Every structure is written in structure tokens, then in C-alpha cells.
Amino acid sequence: MSILKVYAYANCGTCRKAKKYLTEHGIEFTEIPIREHPPTELELRTMLDACDGQVTRLFNTSGQDYRQGGFKEKLKTLSDVQAISALAANGNLIKRPFVISDSVAVVGFNQDLWDSLF
């Protein structure tokens with residue numbers, strides 16, 4: 001398995017839990033600040049495939065940028081290409097942690113799911 005990329009936000013409790021999990025399980029990862037360096041469009045498309053094409057699963061629906069941008073309504077009419085473009089342009093919109101490698105693609109932290117992946 002290639003080294004994991006973990007796109008995270010330092011002040012996010014869920015991101016801290018995810019990083020602690022990876023460290024405790026001896027899994028190497030590279031942490032990338034999601035706000036400053038959002039995932040690429042290719043990584044976002046890979047994650048979209050891993051989420052069974054459900055683009056809403058990539059969005060941080062509790063985030064201020066999501067609410068202020070009116071994405072709850074916008075997503076009803078945006079194409080996947082437009083949604084991915086919006087996510088790539090604003091890391092605050094992306095659900096985190098966003099964890100990706102050649103063999104793993106997962107957003108959010110759910111210990112049972114992570115136990116099955118790692």
C-alpha cells in the first residue's frame with residue numbers, strides 16, 4: 001500500500017481521532033492541511049467513486065462555507081463535475097478527514113469502518 005494522504009484540519013476533533021488511530025496502528029501517513037491544499041480533482045473523483053457516486057457524501061454539511069454558500073440547495077442542480085470543481089477550490093467544503101492512497105479512499109472517521117480497511 002502506498003503511503004496514505006490524510007487531508008485534515010488541525011482544529012478538527014475528528015481529524016485528531018483519525019490521526020491518533022493511524023499512529024496507534026503503526027500506519028504511515030502524510031498529513032496535508034485541507035484548507036490550504038485541498039485534494040485534487042482526480043482525488044475527489046476517486047473518492048466520489050468510493051462513495052458510490054453520492055457527491056453529497058464528500059461535503060462537510062455542517063460547515064459554515066457549506067451553509068453560507070447555499071450548497072444544500074445548489075447540490076440539487078449541480079453536476080458532479082461542478083461539485084468536484086467547487087470542492088477542489090475550497091477545502092472547507094470537504095468532509096474530513098479525507099484519506100486516500102492507491103488502495104484506500106474514505107472520508108470521515110468511523111472506527112468500525114477503519115478497522116475493516118486497515
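Since the structure is predicted, the reported quantities are computational estimates derived from the model, not experimental observations. Values below: all heavy atoms of this structure, side chains included; hydrogens, waters and symmetry mates excluded. Count residues from 1 along the sequence.
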Check your understanding: Are any of the side-chain heavy atoms of Leu117 and Val106 separated by less than 4.5 Å?
Key -> yes
Study note, to complete from the structure: Apart from Val81 itself, its cluster of hydrophobic side chains linked below 4.5 Å comprises none
Revision key, fill the gap. Residues pairing under side chain to side chain donor-acceptor pair (under 3.5 Å) where one sits in residues 48-60, two or more places apart or in two chains, turn out to be Asn60-Ser62
Point to revise | Which atom of Pro97 lies closest to which atom of Trp114, heavy atoms considered | key: CG-CZ2, 4.3 Å
Check your understanding: Do you reckon Val107 sits in the same ILVMFWY cluster as Ile84, going by side-chain contacts under 4.5 Å, direct or chained?
Key -> yes
Practice item. Find out whether Pro38 and Leu87 are in side-chain contact, i.e. whether some heavy atom of one side chain is under 4.5 Å from a heavy atom of the other. Key: no
Exercise for review: Answer with yes or no whether the hydrophobic clustering places Val99 together with Leu48; edges join I, L, V, M, F, W, Y residues whose side-chain heavy atoms lie under 4.5 Å apart.
Suggested key: no
Point to revise | Over all atoms of both residues, closest heavy-atom pair of Met47 and Ala105 | key: SD-C, 3.5 Å
Check your understanding: Does Leu42 sit in a hydrophobic cluster with other residues, and if so which ones, taking ILVMFWY side chains as linked at heavy-atom separations under 4.5 Å, directly or through other members?
Key -> none
**Study point:** Note, Leu44 side chain near Thr40 side chain (heavy atom, < 4.5 Å)
**Key:** no
Check your understanding: Listed by chain and number, what are the salt bridge (Lys or Arg N to Asp or Glu O under 4.0 Å) partners of Lys5, not counting sequence neighbours?
Key -> Glu43
Point to revise | Side chain proximity check, Pro39 to Ile94, heavy atoms < 4.5 angstrom | key: yes
Check your understanding: To the nearest 0.5 Å, how far apart are CZ in Arg96 and SG in Cys15?
Key -> 5.5 Å
Check your understanding: With sequence neighbours left out, what residues match Asp112 under side chain to side chain donor-acceptor pair (under 3.5 Å)?
Key -> none
Practice item. Return yes if some donor-acceptor pair links the side-chain N/O of Arg16 with the main-chain N/O of Ala10 below 3.5 Å, else return no. Key: yes
Exercise for review: With sequence neighbours left out, write down each residue that passes side chain to side chain donor-acceptor pair (under 3.5 Å) with Gln82, or none if nothing qualifies.
Suggested key: Ser79
**Study point:** side chain to side chain donor-acceptor pair (under 3.5 Å) against Asn92, all qualifying residues, sequence neighbours excluded
**Key:** Arg35, Asp65
Revision key, fill the gap. Lys72 meets the salt bridge (Lys or Arg N to Asp or Glu O under 4.0 Å) criterion, sequence neighbours left out, with none
Practice item. List the atom of Ala88, the atom of Glu41, and the distance in Å for their closest heavy-atom pair. Key: CB-CG, 3.6 Å
Review point. Given the rule in the side-chain contact (heavy atoms from CB on, under 4.5 Å) test, do Leu75 and Tyr66 qualify, once you have shown the distances and angles that lead to the verdict?
Key: CA-CA 10 Å; Leu75 283 176; Tyr66 179 86; 4.0 Å; yes
Point to revise | ring pair (Phe, Tyr, Trp, His ring centres under 6.0 Å) contacts in which one or both residues fall within residues 67-99, not counting sequence neighbours | key: Tyr7-Phe98, Phe59-Phe71
Practice item. With the side chain counted from C-beta on, respond yes when Cys51 and Leu58 share a heavy-atom pair under 4.5 Å apart, and no when they do not. Key: yes
Check your understanding: Of all residues at least two apart in sequence or in a different chain, which pass the salt bridge (Lys or Arg N to Asp or Glu O under 4.0 Å) check with Glu73?
Key -> Lys76
Ignoring hydrogens and angles, write down the donor-acceptor pairs under 3.5 Å from the side chains of residues 25-34, residues two or more places apart or on other chains.
unit_1, atom_1, unit_2, atom_2, d
His25, ND1, Tyr21, O, 2.8
Glu31, OE1, Lys19, NZ, 3.4
Glu31, OE2, Lys19, NZ, 2.9

Review point. Would you say Ile100 and Val104 are hydrophobically clustered, going by side-chain heavy atoms of ILVMFWY under 4.5 Å?
Key: no
**Study point:** side-chain contact (heavy atoms from CB on, under 4.5 Å) partners of Arg67, counting only residues at least two apart
**Key:** Gln64
